[in-house]
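Every chain is numbered from 1, with letters handed out A, B, ... down the list of sequences.
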Amino acid sequence: MSKENVLKVENVTMQFGGVIAVDNLNLEVNKGEIISLIGPNGAGKTTAFNVITGVYAPTNGAVYYKGNKIIQNHPQGKMKKLYRGENPVTYTGHRALAPTPDKITAMGIARTFQNIRLFKSQTVFENILIAKHLRRTSNVFTATFRLNAREEARMRQEAEELLEIVGLTDVRDELATALPYGKQRHLEIARALATQPELLLLDEPAAGMNPQETLELTQFIGRIRDEFGLTIFMIEHHMDLVMEISDRIYVLDFGKSIAEGNPEEIRSNPRVIEAYLGGAQDE
Amino acid sequence: MKKQTTIIWNVCLIAALFLLLFILEQTVPSGSMLFMVLKKGAIYALVAVSMNLLNGFTGLFSLGQAGFMLLGAYTYAILTIPPESRASVYQYFDGGIVQFAIPVPLALIAGGIVAAVFAFLIGLPVLRLKSDYLAIATLGFAEIIRAVFQWDKLGPLTNGSNLLRNFPTFQSVLYPFVVAGICIGLIVLLINSTYGRAFKAIRDDEIAAEAMGINLAHHKQLAFVISSFFAGISGGLLAMYQTTIQASMFKSAMTYEILLIVVIGGIGSITGSCLGSFLFIACSEWWLRFLDNSNLYIGDFHLTFMRPGFRKVVFSLIIMAIVLFYRKGLMGDREFSVEAVRKFLRKRFKKGQTAEGGASK
């Protein structure tokens, strides 16, 4: 099986002032895989996500998407003196690349958030419809004067189909915030799917869910992967979910990647047990 | 209800409104305060809606509206004063440098465009700011523009701090209604388009909106420019209504009046802003006038606290009451529509029925 590389994070370091949140992170995500990023609280998982999605420009390092370099930076300005990470000169002299999050999404990387961020005053349907704005061809004049009727109809059609797939059609016109917690999570994933991504980043999709909901979510993630031909990269704390669904797992501790491998390898890796699973293992 | 039925209802309502205005104009004497309120109300409704587009729908707290109105008003006046009367208007500046006049509709649109261009230039640095800081920066802009327009060196263009007058005005109350109506209609169309949805997404959650691929800088800039364009047009209308203009009219107090209308009407409600505008103008200029009368008696009792200016006290109290009891404004973020009224009535009707049913058991 040929492994087509979708996401490659190369020597990424994120330093805030004197604190290194992500330390020389290297990881690869291949097409069709479900990859999990785990680690204790404060290990820098969400920061890594924020770097990949353009919320933060990394202090040092590069990110590739489908073989193209999309993000790159090296210590600049004040950071030149402060920088304590590795490879400080590898990227010096290269042009800094720091696209904003919307550009990253336009490339085909969509994400969800750890603390649900739905559009509160909008209905379920409108939440998905808003994400369709990205793939518009109309400009503000054609949209105002309704010259984009066909496109508008297509947007609505696609949003309806997406609602059908994620099983939210019956709550279509409810306010997004009126949904139960589990469904809000599903809606957030559906909204990310509406941007037509190839790579989906899920930030703790099962946070706050009970075992039953977690099980449903596990099946749901597998299903959308197959149905949309997605590659999924997620942060998760629920070990049942992670161990069942992941093709490979990366473990992060204090910003450093301490282990990488399939679920079996991770489960038996002494460093991981020490750093993360130690307390949870009863055997 | 079907979409077509809604459209027919709306067209009928608008036609009825204009018919009513037409009849009023034919029957009520033209000096009546009613027309003054209607004209000014329509103009303020437009600028309030344009401010609502920014503050209510895009979530950008901007206080530059008076500045953009000033730009629109001055552009309109400068471009429409007939060349033959320019010598007397620009008497201290040798008749000014502009020696032509363009048709009124074109001048109104030009006013909007000038305001939009300024908004674009100012938006580039200012829209990086958020909430209060944006408000302070835009307020500062409005004050600076006012000062610049009063500057003597610009006199040949702006007539310095002197009045601009003799430009075409309107008589009929229908005129501001038609212009403001078209503009508000355009804003409604925009808000209900995919761009309007993007604006609301930015208001609800900037971070999520950006993650959904909405370019924040571009969309904020767009909302700011469009809002200023319509503020510029309403500035032109205000110039027509006032018949003379002067930069000192467009003080920050004017922006606060508009903000008050938006808040009273409901942040995020177009119909709320329109309603708020007419109520605000009517209250501040007309309905409370009797309170200024210092010779008011109830029986033999002389109401000594009544004196010129007392209406402002009462007016302030009314505003406080509204803000206290209608925290989200008169309309909240709902809209007045045929559909909404129908739903409301049906709910009332059903409630009545179930109550009766319960009583008969």
* Name the region of B:I207, side chain, backbone, both or neither, that has any atom closer than 4.5 Å to a heavy atom of chain A. => both
* To do: Decide side-chain contact (heavy atoms from CB on, under 4.5 Å) for A:K120 and B:R203; before the verdict, give the C-alpha distance in whole Å, the side-chain angles of both, and the deciding distance to 0.1 Å.
  => CA-CA 10 Å; A:K120 294 183 188 68; B:R203 171 192 66 188; over 6 Å; no
* Asked: Just wondering, more than 12 heavy atoms not from B:R128 lying within 6.0 Å of its CZ?
  -> no
* Engaged part of A:S138 at the chain B interface, taking heavy atoms whose separation is under 4.5 Å -> both
* To do: For atom OH of B:Y133, decide whether the heavy atoms of other residues, nucleotides or ligands shown that lie under 6.0 angstrom number more than 12.
  => no
* Residue part contacting chain B, namely of A:R135, when any heavy atom lies under 4.5 Å -> neither
* Which bit of A:A131 is near chain B, if near means a heavy-atom gap under 4.5 Å: side chain, backbone, both or neither? -> both
* To do: Measure B:A217 against the heavy atoms of chain A and call it side chain, backbone, both or neither at under 4.5 Å.
  => neither
* Asked: If you count the non-hydrogen atoms of other residues, nucleotides and ligands that lie under 6.0 Å from CZ in A:F141, is the total more than 12?
  -> no
* Asked: Heavy-atom distance under 4.5 Å between the side chains of A:N148 and B:T194, does that happen here?
  -> yes
* **Within 6.0 Å of CZ in B:F141, more than 12 heavy atoms from elsewhere** => yes
* Return the option, out of B:L190, B:D205, B:L222, with the maximum number of heavy-atom pairs under 4.5 Å with chain A. => B:D205
* Asked: Can you check whether A:E152 reaches B:S193 side chain to side chain, under 4.5 Å on heavy atoms?
  -> no
* Asked: Pick from A:E188, A:K132, A:R146: which one has the most heavy-atom pairs with chain B under 4.5 Å?
  -> A:R146
* How long is the span from the CD atom in A:Q122 to the CZ atom in B:R197, to the nearest 0.5 Å? -> 9.5 Å
* Just wondering, more than 12 heavy atoms not from B:Y326 lying within 6.0 Å of its OH? -> no
* Against chain B, label A:A143 side chain, backbone, both or neither, depending on which of its atoms sit under 4.5 Å from a heavy atom there. => both
* Structure fact -> Taken to the nearest 0.5 Å, the spacing of B:Y195 OH from A:R136 CZ works out to 3.5 Å
* Selection from B:I226, B:I191, B:L189 maximising heavy-atom pairs under 4.5 Å formed with chain A -> B:L189
* **NZ (B:K343) with more than 12 external heavy atoms under 6.0 Å** => no
* **Under 4.5 Å from a heavy atom of chain A, the part of B:L186 involved** => both
* Would the number of heavy atoms belonging to other residues, nucleotides or ligands and lying under 6.0 Å from CD of A:E161 be above 12? -> yes
* Asked: Can you tell me how far the CD1 atom of A:I130 sits from the CD1 atom of B:I214, to the nearest 0.5 Å?
  -> 6.0 Å
* Structure fact -> Here the pair of heavy atoms bringing A:L134 nearest to B:G213 is CD1-O, 3.5 Å
* A:K103, part contacting chain B, at a heavy-atom distance under 4.5 Å -> side chain
* With a 4.0 Å cut-off, would you call A:R117 and B:E210 a salt bridge? -> no
* Kindly check if the number of other-residue, nucleotide or ligand heavy atoms within 6.0 Å of CZ (B:F120) is above 12? => no
* When only pairs under 4.5 Å are counted, which of A:I109, A:T195, A:N139 shares the most heavy-atom pairs with chain B? -> A:N139
* Would you call B:M212 and A:F119 a side-chain contact if the rule is heavy atoms closer than 4.5 Å? -> yes
